[in-house]
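As the structure lists them, so they are numbered: ligands from 1, and atoms in each ligand from 1. Counting from 1, the numbers follow the sequence of the chain as shown.
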Amino acid sequence: MQTITTITELRHALAESRKTDRCVGFVPTMGYLHDGHLALLRESRIRCHVTVASIFVNPTQFGPTEDLSTYPRDFLRDETLCSAAGVDILFTPDAGEIYPAHFTTFVEPGELARPLCGAFRPGQFRGVATVVCKLFNIMQPDFAFFGQKDFQQCAVVRSMSADLDFPIEIVTVPTVREPDGLAMSSRNKYLTSDERKRALAISRALFTAEAAFRAGEREAKRLTDTARRHLTELDQLQYLELVDPDSLEPATSPLGRRTVLCVAAYIGSTRLIDNVILT
Ligand code: PAF
């Protein structure tokens, strides 16, 4: 595996692959890798000849009072994991490489960035769309892989990629969970052992609603009420919403063929998100 920190070097390394028409898969991350990231790398390795991963804690997607400075980082461990996972090129730019002093241009995502997390973390998806757009331009991959846990991010990236004509297939990979159901997230590291136990309420709530859906319940309010009953122990429930998976608009009853139940909540000072697709 080559570890590369500059755009020039990365372009040079990838030019070789393109000469021989090899398919390039890209897995963007902010590091502190877990099994969810490894599932993205595995998927890229299955579909593509060359897998490029990036580790970049993107400052523009954090709000001024958010956890940019404390976001967990362990570069050596991540590098070992990437190498063991068969990554060909690991791109680890510093902030000045991606956002040089003269940087002024941002990608403004549309309607998909407004509800759910967009309502609570203004600017987050502008930062995500901007950095992903830049990374797509830098790598020019054939495929890019994102985790379903960040469902709204997947929708925003998919629409950004289509709107800006990137010839890239965006692949959403199912959420990887701990054996007890908690969705894997780098932010789980912030949880104390008591918070870790209480965080389980999130997946429990989603699974209960999913079971009710499977048993035939199609009323949106009854499904969200069923889920909400599990969420009383959380410190702050930001949203629990059933939405259309394409438009992210509130789902109407009776539910159609596919909806997604999304949740965001604080456990202590840690904000976690999760979702389940009801189909
Ligand atoms: O999901 C993430 O880790 C980040 O939002 C991403 C896609 C790497 C962009 O910074």
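- Taking every non-hydrogen atom of Q61 and a distance limit under 4.0 Å, the qualifying atoms of ligand 1 come out as 4 (C), 5 (O), 9 (C), 10 (O).
- A donor-acceptor pair is defined here as one N or O able to donate and one able to accept, closer than 3.5 Å; no such pair exists between the side chain of D150 and the backbone of Q153.
- Atom 8 (C) of ligand 1 has its nearest heavy-atom neighbour, among N58, V27, T29, T130, in T29.
- Of the candidates L234, N188, D194, L200, L234 is the only one forming a side chain to side chain contact (heavy atoms under 4.5 Å, CB included) with I267.
- Here V157 has no heavy atoms under 4.0 Å from ligand 1, in either its backbone or its side chain.
- For ligand 1, the atoms sitting less than 4.0 Å from at least one non-hydrogen atom of M30 are 3 (O), 4 (C), 8 (C), 10 (O), numbered in the order shown with element in parentheses.
- Residue P28 approaches ligand 1 through these ligand atoms, each under 4.0 Å from one of its heavy atoms: 8 (C).
- Formation of a donor-acceptor pair under 3.5 Å by the S253 side chain with backbone atoms of L255 is not found in this model.
- Neither side chain, Y190 nor S269, offers a donor N or O lying under 3.5 Å from an acceptor on the other.
- Judged by the 6.0 Å distance and 45° axis criteria, R218 is positioned over the aromatic ring of F213.
- Within a 6.0 Å sphere centred on CZ of R45, heavy atoms belonging to other residues, nucleotides or ligands number 12 at most.
- For atom 7 (C) of ligand 1, the closest non-hydrogen atom on the protein side is Q153 NE2, 3.5 Å.
- Atoms of ligand 1 found under 4.0 Å from any heavy atom of V131 (numbered from 1 in listed order, with element): 9 (C), 10 (O).
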